[in-house]
Amino acid sequence: TPAIVQISLIAISCAAIAVPALLAFNEPPSPTALNQAAAVGGWALVVAATAVGSTARQMAVQRSWAVQVVTLFVGASALLSSSVAALPWALGLSGAAVAAAAALAMAGGVASRPSTPFWSSLFAAWLLAGAASVAIGLIQVFAPQWADGDWIARSGIPGRAVGNLRQPNHLATLLLWSVVAVVPLIEWQRGAARRAWPWMAGSLFALLLFGVVLSGSRTGLVGLVVLVAWGLLDRRLSPLSRGLLIASPLICAASWWLLDLVSAAQGSATHLGAAARVGERDPSGGRFAIWRDTLALIAQNPWLGVGFGEFNFAWSLTPFPQRHHAFFDHTHNLPLQLMVELGIPLALLVLALLGWGLWQAFDRTRRIEGFEGS
């Protein structure tokens, strides 16, 4: 029946999105190995659920050829780095496998239709993951003694929410995707008889942004610019969607004010670990220093780079006159990461293909018949 199909799709979507984001149990040495395995397995179910005929699969690859070529380059670079450089084969094979999985997931997504119940189930899974992560964040900030490490991860940063992903930036990114998922669900409810839905959607939208503030992630706050731009530029959206998107900074400001009141009432500043983070003397959190070192490495290896997955090894063994005291295993910047590991020529090609793939996605969204919103 349609109800059983919808429940099955929601279960599959949650396996791909919610389970990896909410899984707190882990085994050393990697605190996120189980999350990654759950994500790959969950998206395998998604690809299986969206399996289509050979003609549709061929069209899906053609429509996403730019991103497919990117995954080919990245996967080949990972294998090459293990073959001729010092990258362990376990990491090289892992990188190639993730690239192949991304290619399959991309083809499956392009082959499906955004107006189907499957896509609404994906958005529902994002909302579930986001709402549960906000609840976890509230415990980590206001009742950290309840975090047992198995069901709710312990925050290593007092006063800041890290979710079960154990990283404020990752939590903020997850919540921003959940915020985005609210919009199409609003659009698909146009004309519905449920008068309470706008209030429910607005409340959920505000709750998710409150979680972004709890994380204290400056990356998450910068992401508000994209939400505002979406609301200003996309005139196909309903007034409710546009109003919420444009009001995102105001909602976050109100959330900050509320947290400040709670902190003052309790006579403690620990609940605003986010304030300490945002108010740091170095607004980049050390990123300016690592970017400077990365540019130096790029200048030393402009054509072929230091090798896929080899940034930390090269950075650790290269003397820099003003080395930052923090430990970095990546550059915190995708274009620089590609340039330092793959070399400038291949990195520019990959970035150009990613840009073209983004345009393909945007153009296809505009052309989909019956799909309202953005």
Side-chain angles (χ1 to χ4, degrees), residues 17-26 31-32 34-35 126-182 200 202-224 227 244 247-287 326 332:
I17 295 172
V19 171
L22 300 176
L23 180 63
F25 181 79
N26 67 95
T32 59
L34 297 179
N35 303 75
W126 275 116
L127 295 183
L128 173 62
S133 294
V134 173
I136 292 169
L138 286 169
I139 292 175
Q140 291 169 335
V141 173
F142 295 104
Q145 68 276 9
W146 294 359
D148 60 355
D150 291 331
W151 293 96
I152 299 177
R154 298 183 181 93
S155 175
I157 313 173
R160 292 180 65 189
V162 298
N164 280 351
L165 296 174
R166 294 180 171 83
Q167 221 283 354
N169 286 344
H170 295 170
L171 173 62
T173 301
L174 166 69
L175 293 177
L176 287 177
W177 277 111
S178 300
V179 168
V180 169
V182 175
M200 293 171 57
S203 300
L204 185 56
F205 193 93
L207 175 67
L208 295 170
L209 288 178
F210 181 76
V212 174
V213 174
L214 278 178
S215 74
S217 169
R218 289 171 292 200
T219 300
L221 295 178
V222 171
L224 298 179
L227 298 182
L244 289 173
S248 296
L250 297 178
I251 296 174
C252 286
S255 300
W256 194 285
W257 174 75
L258 179 61
L259 283 175
D260 196 23
L261 286 181
V262 173
S263 180
Q266 297 187 356
S268 172
T270 57
H271 293 164
L272 274 183
R277 177 63 169 171
V278 175
E280 287 179 355
R281 179 175 299 180
D282 180 4
S284 72
R287 287 172 174 78
H332 291 275

Between L227 and L176, the two heavy atoms sitting closest are CD1-CD2, 4.1 Å
Please answer whether the main-chain N or O of V162 pairs with a side-chain N or O of Q140 as donor and acceptor at a distance below 3.5 Å.
yes
Test your reading of the model: is there a side-chain donor-acceptor pair from N164 to the backbone of W151, 3.5 Å cut-off?
yes
Quick one: side-chain contact (heavy atoms from CB on, under 4.5 Å) partners of L34, sequence neighbours excluded?
L23, F25
Contact summary for S217 and N169, nearest pair of heavy atoms:
OG-OD1, 2.6 Å
So F210 and I251, do their side chains get closer than 4.5 Å, heavy atoms only?
no
Atom CG in L22, atom CD1 in I17: separation rounded to 0.5 Å?
11.0 Å
Specify the closest pair of heavy atoms between A131 and L204, including all atoms of both residues, with the distance to one decimal.
CB-CD1, 4.5 Å
If you measure from CH2 on W256 to CG on D260, what distance do you get to the nearest 0.5 Å?
9.0 Å
If you round to the nearest 0.5 Å, how far is CD of Q167 from CD1 of I157?
7.0 Å
Give me the atom names and distance for the closest heavy-atom approach of S215 to L171.
CB-CD2, 4.1 Å
side-chain contact (heavy atoms from CB on, under 4.5 Å), that's the test. Do L174 and W126 meet it? Break it down for me.
CA-CA 8 Å; L174 166 69; W126 275 116; 3.3 Å; yes
Could you grab the distance from atom CG of L207 to atom OG of S178, nearest 0.5 Å is fine?
10.0 Å
Would you please name every residue forming a side-chain contact (heavy atoms from CB on, under 4.5 Å) with L128, sequence neighbours left out?
C14, A18
What are the two closest heavy atoms between A161 and V141, and how far apart are they?
N-CG2, 3.6 Å
Kindly give the heavy-atom pair with the smallest separation between L175 and G130, and that separation in Å.
CD2-O, 3.4 Å
For the residue pair F142 and L214, establish whether any side-chain heavy-atom pair is separated by less than 4.5 Å.
yes
N26 side chain to T32 main-chain N or O, any donor-acceptor pair under 3.5 Å?
no
Rounded distance [0.5 Å steps], CG in L208 versus OG in S255:
10.5 Å
